[in-house]
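What follows is one structure encoded as structure tokens, with my remarks underneath.
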Amino acid sequence: MYFREIIGQRNAILRLIQGVREERIPHAMLICGPEGTGKLPLALAYARYLFCTNRSGEDACGTCPSCVKFNKLVHPDLHFVFPIVKSPKGKKEVCDDYLADWRKMVLHNPYFNLNHWLAEMGTENGQAIIYAKESEEIVRKLSLKSSEGGYKITVIWLPEKLHPVCANKLLKLLEEPPEKTVFLLISENPEMILTTILSRTQRFNIQKIAKEEIARELQQKYGIAESDADSIAHLANGNFIQALETIHLNKETQLYFELFVNLMRLSYQRKIKEMKLWSEQVAGLGRERQKNFLLYCQRMIRENFIYNFQRRELSYITPDEAKFASRFAPFVNERNVQGIMHELTEAQLHIEQNVNAKMVFFDFALKMIVLLKA
């Protein structure tokens with residue numbers, strides 16, 4: 001990944017380049033921002049730029065030995081840490097076990113989320129974390145001398161998934177890293193990271209991608225017509241991953257939409273038996289997908305509430321979602337919207353705490369009966 005390949009984020013790129021030019025390179029940078037804004041591509045382009053031995057004032061050269069190795073993400077001083085799911089096949093619970101799959105996915109398209117990575121590992125129903133054993137691997141790798149005589153860079157994708165034991169073992173490394181060692185932490189939920197980790201990093205916030213930048217990329221790279229690209233870019237709301245999922249049929253989102261519609265209808269009709277079956281269906285999705293479904297429900301409640309104001313520029317829903325909202329939106333109003341969002345947040349918290357999923361979703365479904373009548 002090069003700076004020139006990143007969608008938008010020009011200001012962020014200029015800030016990073018300026019820091020290198022002035023030799024202000026933090027030993028631990030926390031790159032934060034919403035999903036789909038290009039945090040991982042930005043970190044990769046920055047790492048390439050630091051490794052490059054013939055960099056220009058705008059980008060890496062692409063031809064030096066370091067850049068050639070970086071093309072396949074096999075630079076010996078570049079290390080990756082990312083969430084994985086414990087395998088029953090006797091693997092060691094460390095990222096190197098999945099490194100080939102990781103490189104393949106990143107090289108194919110660095111704009112992806114945790115769901116896509118779980119699918120790549122074939123563990124859609126698992127709950128991914130960065131296991132405690134990973135800290136030993138990081139310490140071992142960084143204790144070695146730099147192969148190229150330059151920087152040693154560790155990219156930690158989603159540090160909010162660090163096991164507490166692993167996070168605590170990394171504290172000393174983050175506070176006093178070996179010379180020319182750089183940590184790039186890429187987070188979507190920095191509030192979930194240990195405060196002791198946060199205090200040892202320099203925060204680098206990036207914003208949503210401009211609508212015009214997403215539309216331009218869709219037209220140039222994917223051949224989308226201008227009018228369609230503008231519409232998709234609006235729905236994406238600064239999230240390029242969302243834009244890609246809109247142009248490529250996204251079965252996951254379609255499933256969430258159908259589950260949401262079914263729940264609202266069953267709750268309104270007070271069909272308790274069918275609601276119990278619905279909760280069993282959702283319970284079979286796996287923890288990560290259950291959490292994503294609850295996030296989807298929260299988005300749909302917000303969008304349906306806003307839909308009542310008839311302000312298209314504030315609405316970020318697909319045609320199918322809008323068709324449903326035209327009938328359902330009046331049932332989400334100022335009397336119940338806070339109550340519904342509270343119950344969704346509670347359900348999400350319980351799922352994260354490994355409470356029985358059937359009980360969580362059936363309880364939420366029953367509460368929706370009362371809330372929809374408010």
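Numbers here are sequence positions counted from 1. If you're wondering where the values come from, they're calculated on a predicted model, not measured in any experiment.
The shortest heavy-atom contact between Ile193 and Ser187 is CD1-OG, 3.7 Å. Nearest heavy-atom pair, Leu218 versus Ala233, reported as atom, atom and distance to 0.1 Å: CD1-N, 4.5 Å. Closest approach of Cys64 and Thr53 over heavy atoms only: CB-OG1, 3.3 Å. The two residues Ile186 and Glu160 make their nearest non-hydrogen contact at O-OE1, 4.4 Å. The two residues Leu142 and Lys152 make their nearest non-hydrogen contact at O-NZ, 2.6 Å. The two residues Ala43 and Leu184 make their nearest non-hydrogen contact at O-CD1, 3.6 Å.
Using a 4.5 Å cut-off on side-chain heavy atoms (C-beta onward), Ile138 and Phe183 make contact. In this structure, the side chains of Leu259 and Tyr296 stay at 4.5 Å or more apart for every pair of heavy atoms. Side-chain contact check for Leu294 versus Phe361: some heavy-atom pair is nearer than 4.5 Å. Counting heavy atoms from C-beta on, the side chains of Tyr98 and Val85 never come closer than 4.5 Å. Inter-residue side-chain proximity for Tyr49 and Tyr2 is flagged as unmet; no heavy-atom pair is nearer than 4.5 Å. Contact of the Arg103 side chain with the Val106 side chain is not registered, since no non-hydrogen atoms from C-beta on lie closer than 4.5 Å. Side-chain atoms of Leu173 and Pro178, non-hydrogen and from C-beta on, do get closer than 4.5 Å to each other. Contact check for Phe260 versus Ile301: side-chain heavy atoms found under the 4.5 Å cut-off.
Residues Arg216 and Gln219 have side chains that never bring a donor and an acceptor to within less than 3.5 angstrom of each other. In the model, Gln348 has a side-chain atom that pairs as donor or acceptor with a side-chain atom of Gln298 under 3.5 Å.
The environment of Glu226 atom CD is sparse: at most 12 non-hydrogen atoms of other residues, nucleotides or ligands sit within 6.0 angstrom. Around atom NZ of Lys141, more than 12 heavy atoms belonging to other residues, nucleotides or ligands sit under 6.0 Å away. Taking a 6.0 Å sphere around NZ of Lys358, one finds it holds 12 or fewer heavy atoms contributed by other residues, nucleotides or ligands. The environment of CD in Glu5 is crowded: more than 12 heavy-atom neighbours from other residues, nucleotides or ligands sit within 6.0 Å. Environment of CD in Glu58: sparse, with no more than 12 heavy atoms of neighbouring residues, nucleotides or ligands closer than 6.0 Å. Remark: Glu22 CD is packed, more than 12 non-hydrogen atoms of other residues, nucleotides or ligands lying under 6.0 Å away.
Taking the six-membered ring for Trp and the full ring otherwise, Trp157 and Phe112 have centroids separated by under 6.0 Å.
A donor-acceptor pair under 3.5 Å links the side-chain atoms of His27 to the main chain of Leu174, judged by distance alone. Between the Asp363 side chain and the Val360 main chain, no donor and acceptor come within less than 3.5 Å of each other. Judged purely by atom type and a 3.5 angstrom limit, Asn336 has no side-chain atom pairing as donor or acceptor with the backbone of Val332. Arg55 places a side-chain N or O within 3.5 Å of a backbone atom of Leu50 that can act as its donor or acceptor partner.
Using a 4.0 Å cut-off between charged nitrogen and carboxylate oxygen, Lys276 and Glu280 count as a salt-bridge pair. No salt bridge links Glu346 with Lys367; every basic N to acidic carboxylate O contact stays at or beyond 4.0 Å.
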(message) Go through it in stages, so that I can follow the logic: the residues are Gln18 and Arg21, the test is side-chain hydrogen bond (donor to acceptor under 3.5 Å, both in side chains), and I'd like the CA-CA distance, side-chain angles, deciding distance and then a yes or no.
(response) CA-CA 5 Å; Gln18 183 71 14; Arg21 186 180 298 128; 2.7 Å; yes

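In this structure, CD1 in Ile153 is found 10.0 Å from NZ in Lys180, a value given to the nearest 0.5 Å. Taken from CD1 in Ile156 to CD1 in Ile31, the straight-line distance is 11.5 Å, to the nearest 0.5 Å. With values rounded to the nearest 0.5 angstrom, Leu372 atom CG is found 9.5 Å from Asn333 atom CG. The CG atom of Asn262 sits 12.0 Å away from atom CE of Met275, with the distance rounded to the nearest 0.5 Å.
Residue pairs meeting the salt bridge (Lys or Arg N to Asp or Glu O under 4.0 Å) criterion with at least one partner in residues 37-49, sequence neighbours excluded, are Lys39-Glu188.
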